[in-house]
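The structure appears right after this line, and notes come after that.
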Amino acid sequence: ELSSKTYHWGDAILVPANPTKVADKTYTYEFKSWDKEVVKCNGNATYTATYIATYIEYIVVFKNYDGNELSSKTYHYGDKVVEPAIPTKPSDKSYTYGFDGWDSEVVNCDGNKTYIAQFAPTNIDYTVTFLNCDNSILSSKTYNYGDKVIIPANPTKPADNTYTYTFSGWDKEVVDCNGNAT
């Protein structure tokens, strides 16, 4: 009740200031008018405020791991939020990345929200192979990027009619794993 007052027949009715209605999660409200025209007193009367309801628009944003926006859409409270296409993250030298969901559960719209893509890393396996001079395999192992490569024992080569052979090294410098290598 905004006001209640006793009047005599024919008295001008004092109209209270326009009332307000608190917004809920779905609408904001603006006073429109009283439910009927306010006239001079002609008997008992009740006037009820009416309001114009305006949908509250919420923005739901989906971002990739690097902060780039994948989608941004306006929703109303309770609307079903539509996820964008599954995002990707490029591989680096150490890992491939598989989409692992969003940083929080995607639910029907309940306000402004930003979802960020999460990715699960999977090690990339590299093969490092050591060959003898006759191309026979001395060692072949799987490593991850940056792992220390284990060098096999020095190989031997049998003497022939002209020479004896002593191992003098590998055809290139052996470094920590930085990819497939032979």
Side-chain angles (χ1 to χ4, degrees), residues 1-127 142-148 175-180:
E1 187 174 290
L2 300 171
S3 73
S4 178
K5 188 170 178 175
T6 302
Y7 292 94
H8 295 110
W9 185 269
D11 286 350
I13 296 178
L14 179 61
V15 178
N18 289 348
T20 59
K21 182 175 180 179
V22 177
D24 54 31
K25 293 179 179 179
T26 308
Y27 300 101
T28 57
Y29 299 95
E30 179 184 346
F31 176 74
K32 178 180 177 186
S33 64
W34 299 103
D35 63 335
K36 55 188 168 267
E37 182 182 358
V38 178
V39 294
K40 291 184 179 186
C41 180
N42 60 8
N44 292 328
T46 299
Y47 297 96
T48 303
T50 62
Y51 295 89
I52 298 170
T54 303
Y55 262 123
I56 297 173
E57 294 188 335
Y58 296 103
I59 297 175
V60 177
V61 177
F62 287 87
K63 291 186 176 186
N64 209 347
Y65 70 97
D66 58 2
N68 285 331
E69 189 173 289
L70 299 167
S71 73
S72 177
K73 189 173 176 188
T74 301
Y75 292 93
H76 297 127
Y77 186 83
D79 287 351
K80 179 173 176 46
V81 172
V82 178
E83 296 179 37
I86 293 174
T88 59
K89 180 176 181 178
S91 298
D92 55 31
K93 292 179 180 180
S94 298
Y95 303 103
T96 58
Y97 297 93
F99 180 66
D100 198 29
W102 302 101
D103 62 334
S104 61
E105 180 184 359
V106 178
V107 296
N108 288 347
C109 182
D110 60 359
N112 294 322
K113 183 90 177 200
T114 299
Y115 295 98
I116 300 173
Q118 304 295 297
F119 291 87
T122 301
N123 280 328
I124 297 173
D125 292 333
Y126 295 104
T127 302
T142 302
Y143 295 93
N144 297 121
Y145 188 84
D147 286 352
K148 180 164 182 57
V175 295
D176 290 344
C177 180
N178 60 8
N180 293 321

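Side chains included, hydrogens not; waters and symmetry mates left out as well; all remaining heavy atoms used.
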Return all side-chain donor-acceptor pairs below 3.5 angstrom for residues 35-48, not counting sequence neighbours, or 'none' if the list is empty.
unit_1: Asp35; atom_1: OD1; unit_2: Thr48; atom_2: N; d: 2.9
unit_1: Lys36; atom_1: NZ; unit_2: Thr46; atom_2: O; d: 2.6

Anything under 3.5 Å between a donor and an acceptor, one on a side chain of residues 93-100, the other on a protein residue two or more places apart or in another chain? List them.
unit_1: Tyr97; atom_1: OH; unit_2: Asp92; atom_2: OD2; d: 2.7

Residues 103-116 side chain polar contacts: donor-acceptor under 3.5 Å, at least two apart:
unit_1: Asp103; atom_1: OD1; unit_2: Ile116; atom_2: N; d: 2.9
unit_1: Ser104; atom_1: OG; unit_2: Lys113; atom_2: NZ; d: 3.4
unit_1: Asn112; atom_1: OD1; unit_2: Ile59; atom_2: N; d: 2.8
unit_1: Tyr115; atom_1: OH; unit_2: Val107; atom_2: N; d: 3.4

List the atom pairs, with distances to 0.1 Å, where a side-chain N or O of residues 69-78 and a protein N or O form a donor-acceptor pair under 3.5 Å, not counting sequence neighbours.
unit_1: Tyr75; atom_1: OH; unit_2: Val82; atom_2: N; d: 2.9

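Side-chain contact between Asp147 and Tyr145 is absent, with no heavy atoms from C-beta onward closer than 4.5 Å. Using a 4.5 Å cut-off on side-chain heavy atoms (C-beta onward), Pro87 and Phe119 make contact. Two residues are said to be in side-chain contact when any heavy atoms from C-beta on lie closer than 4.5 Å; Tyr7 and Ile13 meet this criterion.
Under a cut-off of 6.0 angstrom, the local environment of CD in Glu30 is sparse, with at most 12 non-hydrogen atoms contributed by other residues, nucleotides or ligands.
With sequence neighbours excluded, no residue satisfies side-chain hydrogen bond (donor to acceptor under 3.5 Å, both in side chains) with Thr88. Scored by the side-chain hydrogen bond (donor to acceptor under 3.5 Å, both in side chains) test, Trp34 finds no partners at all (sequence neighbours excluded).
A donor-acceptor contact closer than 3.5 angstrom is absent between the side chains of Asn64 and Asp66.
For the pair Lys89 and Tyr65, the cation sits on the ring face: its NZ or CZ lies under 6.0 Å from the ring centre, inside 45° of the axis.
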